[in-house]
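A short worksheet on the structure shown next.
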Amino acid sequence: FLDKAISFIDQKVKGSYTSVSFSSLVKEIHVLSGISAKRCVASIFCGLLEYTKLGEIQIKQSNIFASLELARFRNATKS
């Protein structure tokens, strides 16, 4: 399922110039795929960490209990 999550991240986050909330990303892929919510969370988070490591996506959180916001780095190119 990780490959589907990465593909979804490509479409929703890397293809966007605005930030996307982690929870809305999980809800959308959960509804579209029918995969359990816990599995969606784990797969998407793993994919996001990989993209963050590569410098393509940034993960922001305003405080300790705030939701995660995801954004494409402005200098990253669309692939």
*For atom CZ of F22, is the number of surrounding heavy atoms from other residues, nucleotides or ligands below 6.0 Å larger than 12?*
yes
*Might you point out which heavy atoms bring I44 and V26 nearest each other, and give the distance in Å?*
CD1-CA, 3.8 Å
*Can you tell me if Q58 uses its side chain to pair, donor with acceptor, with the backbone of A71 under 3.5 Å?*
no
_For the backbone of V31 and the side chain of E28, can you confirm whether one donor and one acceptor N or O come within less than 3.5 Å of each other?_
no
*Output yes when a side-chain donor or acceptor of S24 lies under 3.5 Å from a complementary backbone atom of S21, and no otherwise.*
yes
*Out of curiosity, F45 CZ to I59 CD1, how far, rounded to the nearest 0.5 Å?*
5.5 Å
_Atom pair CG/OG of L48 and S43 - distance to nearest 0.5 Å_ = 10.5 Å
*asked:* How close do I35 and H30 get, counting heavy atoms only, and between which atoms?
replied: O-ND1, 2.5 Å
